[in-house]
Amino acid sequence: MIALGIILLVIGFLTGISILWTIGIILAVVGVILWILGAMGHAVAGRRHYW
């Protein structure tokens, strides 16, 4: 999810499409939050680790 967010950020930045930029930011932030929760040992969506 983090990688997809970064890809959308880059594409949105290069093409000037703001909706891709916004979706990329949202996906990157959600991915980082899930990654941190998984690293702390909390079960995320039925998984002990989320990568």
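Along the sequence shown, residues are numbered consecutively beginning with 1.
Taking CH2 of W21 as the start and CG of L14 as the end, the distance is 9.5 Å to the nearest 0.5 Å. Considering CD1 of I19 and CD1 of I23, their distance stands at 4.5 Å, rounded to 0.5 Å. Atom CD1 of residue I6 and atom CD1 of residue I25 lie 12.0 Å apart, to the nearest 0.5 angstrom.
When all heavy atoms are compared, the tightest approach of M1 to L27 is CG-O, 3.5 Å.
Looking at heavy atoms from C-beta onward, I17 lies out of side-chain contact with I11 at the 4.5 angstrom threshold.
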